[in-house]
There are 2 protein chains.
Amino acid sequence: MANIKEIARMSGVSVTTVSRVLNNHPYVSSDKRAAVLKTIEQLNYSRNMNAVHLITGRTKAIAVILPHINFFYFSVIMDGLAKEALLAEYRLILCQTDYRPEEELKVLDMLRNKEIDGVVLVSTALDPATIEEYTEYGPIVTCQDSGKRSFSSVYIEHYSAFRHGLQYLVDKGYRNIGYCEGRRNGSSSSIRQSAYNDFFTERGLAVHSEWMLYDCLTEDDGAAVLHRLLNMKERPDALIITGDHVAAGLIIEAGKNNIRIPEDLAIIGFDNQPIGRLLGLTTIDNQLFEMGAAAFRIILGQINGDVSSEPVYQKLNYRIIERSTV
Amino acid sequence: MANIKEIARMSGVSVTTVSRVLNNHPYVSSDKRAAVLKTIEQLNYSRNMNAVHLITGRTKAIAVILPHINFFYFSVIMDGLAKEALLAEYRLILCQTDYRPEEELKVLDMLRNKEIDGVVLVSTALDPATIEEYTEYGPIVTCQDSGKRSFSSVYIEHYSAFRHGLQYLVDKGYRNIGYCEGRRNGSSSSIRQSAYNDFFTERGLAVHSEWMLYDCLTEDDGAAVLHRLLNMKERPDALIITGDHVAAGLIIEAGKNNIRIPEDLAIIGFDNQPIGRLLGLTTIDNQLFEMGAAAFRIILGQINGDVSSEPVYQKLNYRIIERSTV
DNA sequence: ACTTGCTATGGAATCCATTTCATACTTTAC
DNA sequence: GTAAAGTATGAAATGGATTCCATAGCAAGT
């Protein structure tokens, strides 16, 4: 394969001039530029980007850490990231690490190794303190509220969003409210859990811990929730569910079992998924696409920031979409 | 930042020895190895992978071209790719290019530029002849049947699968069969279209071109299909739909409009999505996860193949999953 | 005693582009 | 008419590893 030296030799110019042509530097006479371009054409020359990465210390690549790509939540954030990356001509390295800390650390090490210019942690098993150890190597952005850290974050206030959801149900007259959650120990799971506890204790009401249903990750889990409810002696009359696809599973299963929504059971979901709209599901939209896009813009800003820029903490606004399941 | 030279100097050994330690080469005495490791620890040294990529000519990275990540079809294939990539310690560069040929070509150019070791085209706007021009630069795998080309492919036989679906409907007594398709001019769209045409003309039956419904990509499109049907003076009594989520939209909308499934309208879908299972949707599973995993294994085999290995054409088997919408 | 083979080590070449610095010519400005 | 600014070009340093080749000590085989 031809390299820049050979192009230079064959064009009768120096390698510097070839590099200038390659990089559209203005100080090249038009005849030399033409000669270089002709040689490049002839030899079908193409730059070795690894050499460029080495000398420039940049790769125009960003790693994205997430547990599973084929979850609505993650794939929409990824879509937001990817749209911006395409515009900025950046590469996204998808690191699907299944919440395995050792794999996530490997990705952060890529930052030390200069393989990438930044890392976006969409959802992670690592604690913020561990992540902070890597901020010296390059910009890091998380898509969850991590407080004021040495890395940036884009987030919606799950505590507040969740309480809004509960308040909405209370306003509509529901008093016995249950709660479906995905992972038990996720960073935002625990925030929502406190929101749930606080909401009821503040009002002097009992917290029904048997109505806090965990491990609701899939449509099937949603369907199973219905049967969990049917087996309870005291049932909630409303449910707040983190993930419209889980709510969809529940709604469809309810239909099969003659449980009327919302008369027998009101439901509010999260994420504003297409399947939810179809089912008339009331939901809290937490701007997933925008979250991905914002995460990319922040990290790009930090990469291009001349000064070692301060971390950014960007809050996004959720909104309740009223439909007919409450 | 420290480099290998400095580590060598401080450890009192040559750079070669440091490199050997870094790469677990056996011919290093244990005392020198210990000295090197100690210095690495002290200086918090980390390899610059760009230098490694330059000298080795490999990057352990593979680009994946697809139009949209947040489609069930693509995200499941991506999941399959990602699982294998994690095992092999390879990076996946997600190139969401929205079927834009110029962007797809940029990705193929990464192969020339030595930024990546291979390319997987999950779904592409490029024609096979164009792709073939890049096979000299590295291994390429497509996830669609491209015939015997100079690049590899993993595929299911859409023609055959589609005809099986039609046959299944005919066997169940349906005669007026319509067809919902996503993109009008996709490579597998046209294959299915011929399957549809051939199936009926072979039997001496008329092909109802008004029953060939295009641009059915989302749940909402599926819902819209119902109303398209209701406005027809002559309606199909069965529908074959490429994508269970589209079928789901249709089924849910049918429920709202008192159209009974399968009595008034039988439906068979594709992809075996969770939402389909929930709805009891009869579907054709085309092994998306396995397709992604297989694509990765093939490309990895070609990267590691000492000889410039022959392209692989791997066929996967679809299967009909009988549920209750037919 | 001599060849062969294994272990251990380092020097130097190699991968390939960018960028700083130095030089020199040509305009423009005052 | 001369200083300053802009244009054009190239030599050489730089980024940071891997690996080929050469050398040498030592053990085993014949």
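So you know, we letter chains A, B, ... as the sequences are listed, proteins then strands, and number each from 1.
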Can you tell me the distance, in whole Å, between the [atom1] atom of [X] and the [atom2] atom of [N]?
X	N	atom1	atom2	answer
A:Asn50	D:dG15	CG	P	18 Å
B:Arg58	C:dC16	CZ	P	16 Å
A:His25	C:dT19	NE2	P	9 Å
A:Leu54	C:dT18	CG	P	11 Å
A:Glu6	C:dC15	CD	P	11 Å
B:Arg9	D:dG16	CZ	C1'	15 Å
A:Met49	C:dC15	CE	C1'	15 Å
B:Lys114	C:dC15	NZ	C1'	11 Å

Looking only at the side chain of [X] (C-beta and beyond, no hydrogens), which of the listed nucleotides [options] gets closest?
X	options	value
B:Ser29	C:dT9, C:dA17, D:dA17	C:dT9
B:Ser19	D:dG16, C:dT19, D:dT18	D:dT18
B:Ile4	D:dT18, C:dA17, D:dT9	D:dT18
B:Tyr27	C:dC6, D:dA17, C:dT18	C:dC6

A:Phe74 vs A:Phe71 aromatic rings, parallel, tilted or perpendicular, using cut-offs 30° and 60°? tilted
Counting any heavy atom closer than 4.0 Å, what does B:Val18 reach on the DNA or RNA strands: base, sugar-phosphate only, or nothing?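 B:Val18: no heavy atom of the nucleic acid under 4.0 Å.
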Across the strands shown, which category fits B:Asn23 at heavy-atom distances under 4.0 angstrom: base, sugar-phosphate, nothing?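 Sugar-phosphate: the residue B:Asn23, judged by heavy atoms under 4.0 Å, touches backbone atoms but no base.
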Using only atom types and a distance under 3.5 Å, with no angle test, would you say the side chain of A:His68 pairs donor to acceptor with the backbone of A:Asn70?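 Flag not set: sc A:His68 to bb A:Asn70 has no pair under 3.5 Å.
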Without swapping roles, check the side chain of A:Asn113 against the backbone of A:Asp109 for a donor-acceptor pair under 3.5 Å. yes
Dump the pairs, protein N or O against N or O of nucleotides 26-28 of chain D, anything under 3.5 Å, distances to one decimal.
none

Under the rule for ring pair (Phe, Tyr, Trp, His ring centres under 6.0 Å), what residues qualify as partners of B:Phe72, not counting sequence neighbours?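 Expected list: none.
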Residue-phosphate contact under 4.0 Å: [X] side-chain N/O, [N] OP1/OP2:
X	N	answer
A:Asn48	C:dC15	no
B:Lys32	C:dG10	yes
A:Arg47	C:dT18	yes
B:Lys5	D:dG15	no

[X] to [Y] six-membered ring, cation-pi geometry met (6.0 Å, 45°):
X	Y	result
A:Lys315	A:Tyr155	no
B:Arg183	B:Tyr99	yes
B:Arg112	A:Tyr45	no

Using only heavy-atom distances, determine whether the side chains of A:Ser14 and A:Thr17 contain a donor-acceptor pair under 3.5 Å.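 Short answer, yes.
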Is a donor from one side chain sitting under 3.5 angstrom from an acceptor on the other, for A:Asn23 and A:Arg47?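 A:Arg47 and A:Asn23 do have a side-chain donor-acceptor pair below 3.5 Å.
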Can you list the steps and then say if B:Gln302 with B:Ser152 is a side-chain hydrogen bond (donor to acceptor under 3.5 Å, both in side chains)? CA-CA 9 Å; B:Gln302 311 216 298; B:Ser152 302; 3.1 Å; yes
Mind listing the N/O atom pairs, protein and nucleotides 11-13 of chain D, below 3.5 Å?
from, atom 1, to, atom 2, distance (Å)
D:dA11, N7, A:Thr16, OG1, 3.4
D:dA11, N6, A:Thr16, OG1, 2.8

